[in-house]
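Everything on this sheet refers to the single structure shown next.
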Amino acid sequence: TSGNAECRIDSIAQSWAVLSGAADAQRARAAMDAVDAQLVRRDAALIQLLDPPFEHSNPNPGYVQGYVRGVRENGGQYTHAAVWVAMAFAALGDAERAWEMFTLLDPTRHARTADGVDRYKTEPYVMAGDVYAVAPHAGRGGWSWYTGAAGWMVQFILESLLGLKVEADTLQMTPCMPAHWASFQVHYRYRHTPYHIAVRQTPGKAGLASIKLDGAALPGPVIPLRDD
């Protein structure tokens, strides 16, 4: 809580207040503004799980406090939760911050310079399960080839950013596009049937304006899927 000397803020509670739909609009926005202000570390290209880290907390929270301050779950970036932060910004319709979080999470961005490679010290072509947030190792990748984090990242890109969400035999379209994108295309196969989807953005307009299937207007953002 805000009154604690350690773990005053934890991104999971903030993000899932949004993703679960439990928070009202004002509280949801305030929660994510707090994450942006207190947990997003643009200097080290990471998103902390919690802050300040545990060290002398009583009662002891368990194994989390056993990690060095600023490492893994104890105040470092725990990438599962970092992706949930990005998903929460997208759920709020905040495309600017959702895409900014994507750039922080993108492992290739850590290898853009020689200094970045030297700091990150792990493979820049796979997801790392954690990133250190403590000096002098801030920005160093931890457990690499982390399939759980990779799975959440794929879901974030497909569902939160591109806005494609399959539910049974329907495809919901709720794209969260950056302002400089005019359009994008997706080729999606439902069983044996290809769906060629083109999304176009009108500058200055937010939200889904219209959707057509084979030239016919649909009443909402849901495309019926048929294997025909």
Side-chain angles (χ1 to χ4, degrees), residues 14-29 31-32 35-36 47 79-109 124-127 145-228:
Q14 314 292 102
S15 299
W16 280 95
V18 177
L19 297 174
S20 67
D24 62 42
Q26 184 176 357
R27 294 277 288 178
R29 179 69 62 175
M32 296 312 298
V35 169
D36 193 354
I47 305 167
T79 305
H80 281 67
V83 176
W84 296 336
V85 167
M87 293 174 77
F89 279 123
L92 290 175
D94 191 337
E96 182 178 353
R97 286 197 286 190
W99 281 89
E100 183 187 12
M101 298 305 106
F102 170 75
T103 64
L104 296 181
L105 291 164
D106 180 359
T108 65
R109 299 300 179 109
Y125 42 83
V126 291
M127 294 298 291
W145 294 89
Y146 210 76
T147 55
W152 278 109
M153 187 68 160
V154 169
Q155 184 173 333
F156 165 58
I157 293 168
L158 292 178
E159 295 190 359
S160 299
L161 296 182
L162 299 184
L164 282 74
K165 187 173 183 180
V166 177
E167 291 189 356
D169 57 355
T170 63
L171 177 64
Q172 296 189 23
M173 291 295 300
T174 53
C176 185
M177 297 169 66
H180 66 278
W181 278 23
S183 64
F184 70 86
Q185 294 184 0
V186 176
H187 304 288
Y188 173 71
R189 192 186 72 216
Y190 177 67
R191 299 176 183 171
H192 299 288
T193 303
Y195 281 73
H196 303 292
I197 303 165
V199 181
R200 300 181 181 88
Q201 180 165 231
T202 303
K205 290 188 177 181
L208 187 69
S210 63
I211 185 167
K212 293 181 179 180
L213 175 63
D214 293 334
L218 296 178
V222 177
I223 298 172
L225 297 173
R226 296 189 178 91
D227 187 20
D228 59 1

Going by the rule side chain to side chain donor-acceptor pair (under 3.5 Å), which residues pair with [X] if we only count those two or more places apart in sequence or in a different chain?
X: Gln172; result: Glu167
X: Arg27; result: none
X: Asp227; result: Thr193

Taking atom [atom1] of [X] and atom [atom2] of [Y], what is their separation to the nearest 0.5 Å?
X: Met101; Y: Asp106; atom1: CE; atom2: CG; answer: 13.0 Å
X: Leu161; Y: Phe184; atom1: CG; atom2: CZ; answer: 9.0 Å
X: Ile223; Y: Ile197; atom1: CD1; atom2: CD1; answer: 5.0 Å
X: Asp36; Y: Ile47; atom1: CG; atom2: CD1; answer: 9.0 Å

_Could you check whether any side-chain N or O of Glu159 sits under 3.5 Å from a backbone N or O of Lys165, counting only pairs where one atom can act as donor and the other as acceptor?_
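No.
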*Do the side chain of Tyr195 and the main chain of Arg226 share a donor and acceptor less than 3.5 angstrom apart?*
yes
Which pair of non-hydrogen atoms, one from [X] and one from [Y], has the smallest distance, and what is that distance?
X: Trp99; Y: Cys176; answer: NE1-O, 2.7 Å
X: Leu162; Y: Met173; answer: O-CE, 4.4 Å
X: Ile211; Y: Gly220; answer: CG2-O, 3.0 Å
X: Met127; Y: Pro107; answer: SD-CD, 3.7 Å
X: Pro203; Y: Gln201; answer: CD-O, 3.6 Å

What I'd like to find out is whether the side chain of [X] reaches to under 4.5 Å of the side chain of [Y], using heavy atoms alone.
X: Arg109; Y: Pro124; answer: no
X: Val186; Y: Val199; answer: no
X: Leu171; Y: Tyr190; answer: no

*Listed by chain and number, what are the salt bridge (charged side-chain N to carboxylate O under 4.0 Å, His left out) partners of Arg200, not counting sequence neighbours?*
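For Arg200, no residue satisfies salt bridge (charged side-chain N to carboxylate O under 4.0 Å, His left out) once neighbours in sequence are set aside.
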*Mind checking salt bridge (charged side-chain N to carboxylate O under 4.0 Å, His left out) for Asp169 and listing every partner two or more places apart, or none if nothing turns up?*
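Here no residue qualifies.
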In residues 81-96, what donor-acceptor pairs under 3.5 Å come from side-chain atoms, sequence neighbours left out?
from	atom 1	to	atom 2	distance (Å)
Asp94	OD1	Arg97	N	3.2
Asp94	OD2	Arg29	NH1	3.4
Asp94	OD2	Arg97	NE	2.7
Asp94	OD2	Arg97	NH2	3.2

*Flag if over 12 foreign heavy atoms under 6.0 Å of NE2, His192*: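 No, NE2 of His192 has 12 or fewer neighbouring heavy atoms, counting only those of other groups under 6.0 Å.
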_Gln155/Ser160 under side-chain contact (heavy atoms from CB on, under 4.5 Å): CA gap, chis, key distance, verdict_ = CA-CA 7 Å; Gln155 184 173 333; Ser160 299; over 6 Å; no
